[in-house]
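First up is the structure itself, then whatever we jot down about it.
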Protein chains: 2
Amino acid sequence: MDEKFESYFKAAVSVDNVVFGFDHTGLKVLLIYRGADPYRNCWALPGDLISLDTNLIDSAEKVLQDLTGLEEIYMEQIHTFGKVDRHPYGRVFTVAYFALIKIDDYHLHPSSWAEEAAWFPISEIPDLPFDHNEILSYAKDQLKSKIRRQPIGFELLPKHFTLTELQTLYESILETEFDVRNFRKKILSMDFITDTGLKQTSVTHRPAKLYKYNAKRYSNLINTGFAFDL
Amino acid sequence: MDEKFESYFKAAVSVDNVVFGFDHTGLKVLLIYRGADPYRNCWALPGDLISLDTNLIDSAEKVLQDLTGLEEIYMEQIHTFGKVDRHPYGRVFTVAYFALIKIDDYHLHPSSWAEEAAWFPISEIPDLPFDHNEILSYAKDQLKSKIRRQPIGFELLPKHFTLTELQTLYESILETEFDVRNFRKKILSMDFITDTGLKQTSVTHRPAKLYKYNAKRYSNLINTGFAFDL
DNA sequence: TTTAATTATTGTATTTTTTACAATATATTC
DNA sequence: GAATATATTGTAAAAAATACAATAATTAAA
């Protein structure tokens, strides 16, 4: 390599994950309490610098896996942020991902770089270090536009869910309301959720039917020009 | 800074642009003939390593500006590629952008790092160095899905264009055909192209009306929940 | 000047999708 | 069994998408 290239090889790259979860109180984001400098003792997005011997996507997955213990998580790269002064230690580009997880299924494992991890309601996010508020805002927009066109909402719900839960999920993320009858008609006509035959238990009123998502049916459909649109 | 961070600051980041153009023969991509190592004397995507003192977006714009002499180009970040061994000189992440330009308006300026620049039909792209074929394929998919939902096709056409040109553009990119009557009805009902009152000249048949895109009308509409969908 | 050739422009009927709207059903608790 | 709470379902009207072909305007040739 020509030595004129040397000056370029002085940057670092990190990944930052915007992890969304959902429960009956609404949409949540997972933040960690930083245990190391810079910005020690601040709430921030979970992320890490990338080792030179690790592929980008593997780094992003590892951060999430360390944090949640999960293997199969829905993840998607959303944007790369690269302002000159976004990191106090030098030139650090960061590649942002969003991830969707089933909030009930997992106990969080704070990892080496995080003293604590917690879910924050999407409307109560504190000031975050770096450009993390900007990243989060970007991720929210992406989630909103993505969920309208692909059946990814199911990644946020338990395996079995009620139609009311599904509707509440869509209403929270899209910040709108749907007519109960029209929503059900549309979702059911798309034909990739299935009645499990089961019903809710331990509710103090008429129990709702439990449905499950049929990912296979969707992957069959996309090749037919089918478009999910809500 | 703690010295344990030093090992991370040895990466480089580049930008690579997928520049689309359109003429009556179809969709084109702009490639440059590399005049410098690595991969000297190969056709490749126009791109460059990022100086540590330049913002990410500024780097991407500069590459395009050097190449085309243009100031206002439609650009959008699409994805970041970061496999460990994608660059022979070391760890180089690359941030890919796609850009849309009006092919007729500009004469290309080969720049310091490019001996030559040329338009290649989208279906006749040669083998490219690095992971540039993968990047290009990604960009094509993005363009396809983006153009269906946002009126960005106009960035590829001259200021004044005919409805037939517009339809051909959409048909090339989406690889489909539309009924002439239905296409016109839909486009015109969306109400952001305007009849200029002008007509084609120097054609050997009935001249078509010339239209122009009204960007302001679109930006007014998006706040009303209006959705462009073709 | 008429005719041929070429592309531009336009309308309507049918089907499908979206929208608006409220009554009935099923469970628990008191 | 009455009260309470949520789940479930249908229909009519409006809007949008689709399928389909005849007429108009220009140039070139005869």
Side-chain angles (χ1 to χ4, degrees), chain A residues 23-26 147-149 151 157-158 160-172 174-212 221 224-230, chain B residues 23-26 147-149 151 157-158 160-172 174-212 221 224-230:
Chain A
D23 64 18
H24 63 282
T25 67
I147 204 174
R148 215 189 292 269
R149 321 203 179 286
L157 293 175
H160 293 173
F161 51 85
T162 70
L163 289 180
T164 302
E165 286 166 347
L166 187 63
Q167 181 169 353
T168 307
L169 169 66
Y170 274 91
E171 290 181 338
S172 311
L174 295 174
E175 297 176 287
T176 183
E177 294 191 0
F178 296 103
D179 175 86
V180 195
R181 289 154 290 189
N182 295 340
F183 179 84
R184 286 167 180 240
K185 220 182 306 173
K186 179 138 196 186
I187 285 287
L188 291 172
S189 78
M190 290 200 261
D191 203 40
F192 42 71
I193 69 176
T194 320
D195 188 340
T196 61
L198 304 172
K199 288 187 179 183
Q200 272 184 319
T201 53
S202 353
V203 286
T204 174
H205 52 74
R206 176 175 177 178
K209 290 184 190 172
L210 291 169
Y211 290 82
K212 65 181 177 189
L221 282 175
T224 69
F226 164 88
F228 179 90
D229 251 300
L230 212 74
Chain B
D23 65 18
H24 63 283
T25 68
I147 203 172
R148 216 188 290 270
R149 322 203 179 286
L157 293 174
H160 294 173
F161 51 85
T162 69
L163 289 181
T164 302
E165 285 166 346
L166 187 63
Q167 181 170 352
T168 307
L169 169 66
Y170 274 91
E171 290 180 339
S172 311
L174 296 176
E175 298 176 288
T176 182
E177 295 192 0
F178 297 102
D179 176 86
V180 195
R181 289 154 291 191
N182 296 339
F183 179 84
R184 286 167 180 240
K185 220 180 308 172
K186 177 138 196 186
I187 285 287
L188 290 171
S189 77
M190 291 200 256
D191 203 41
F192 42 71
I193 70 176
T194 320
D195 188 340
T196 61
L198 303 172
K199 287 187 176 180
Q200 272 182 318
T201 54
S202 355
V203 286
T204 174
H205 52 76
R206 175 174 178 179
K209 291 184 191 173
L210 292 168
Y211 290 82
K212 65 181 178 189
L221 283 174
T224 68
F226 164 87
F228 180 90
D229 251 300
L230 212 73

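Protein chains get the first letters and strands the later ones, always in sequence-line order, with residue 1 at the start of each.
By the side chain to side chain donor-acceptor pair (under 3.5 Å) test, T204(B) is found to be paired with no residue, residues two or more places apart in sequence or in another chain being considered. The side-chain contact (heavy atoms from CB on, under 4.5 Å) test applied to T25(B) returns D23(B), K28(B), not counting sequence neighbours. With sequence neighbours excluded, no residue satisfies side chain to side chain donor-acceptor pair (under 3.5 Å) with R148(A).
One atom, CZ of F183(A), and another, P of dA7(D), lie 13 Å apart when rounded to the nearest Å.
Considering all non-hydrogen atoms of both residues, E165(A) and H160(A) come closest at OE1-O, 4.5 Å.
Using modelled atom types, no side-chain atom of Q200(A) and backbone atom of K209(A) make a donor-acceptor pair closer than 3.5 Å.
Side-chain contact check for Q167(B) versus V180(B): some heavy-atom pair is nearer than 4.5 Å. Looking at L166(B) and Y211(B), their side chains never come closer than 4.5 Å, going by heavy atoms from C-beta outward.
Contacts of T164(B) with the nucleic acid, taken as non-hydrogen atoms under 4.0 Å apart, involve only primed sugar atoms and P, OP1 or OP2.
Here the options are I193(B), L169(B), L210(B), T168(B), the test is side chain to side chain contact (heavy atoms under 4.5 Å, CB included), and the partner is F161(B); only I193(B) passes.
From the 5' end on, the contacts that DNA chain C makes with chain B at under 4.0 Å to a non-hydrogen atom open and close at dT6(C) to dT12(C).
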*asked:* Counting primed atoms plus P, OP1 and OP2 as sugar-phosphate and everything else as base, spell out the protein contacts along nucleotides 12-18 of chain D at 4.0 Å heavy-atom distance: B, S or - for each nucleotide, 5' to 3'.
replied: -----SB

*Before giving the answer on side-chain contact (heavy atoms from CB on, under 4.5 Å), spell out for F228(B) and I147(B) the whole-Å C-alpha distance, their side-chain angles and the decisive distance to 0.1 Å.*
CA-CA 9 Å; F228(B) 180 90; I147(B) 203 172; 5.9 Å; no

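In this structure, F192(A) and F226(A) have perpendicular ring planes: the angle between them is above 60°, well past the 30° mark.
Contacts between residues 189-210 of chain A and DNA chain D, defined by a heavy-atom separation below 4.0 Å, involve H205(A), R206(A), A208(A), K209(A), listed by number.
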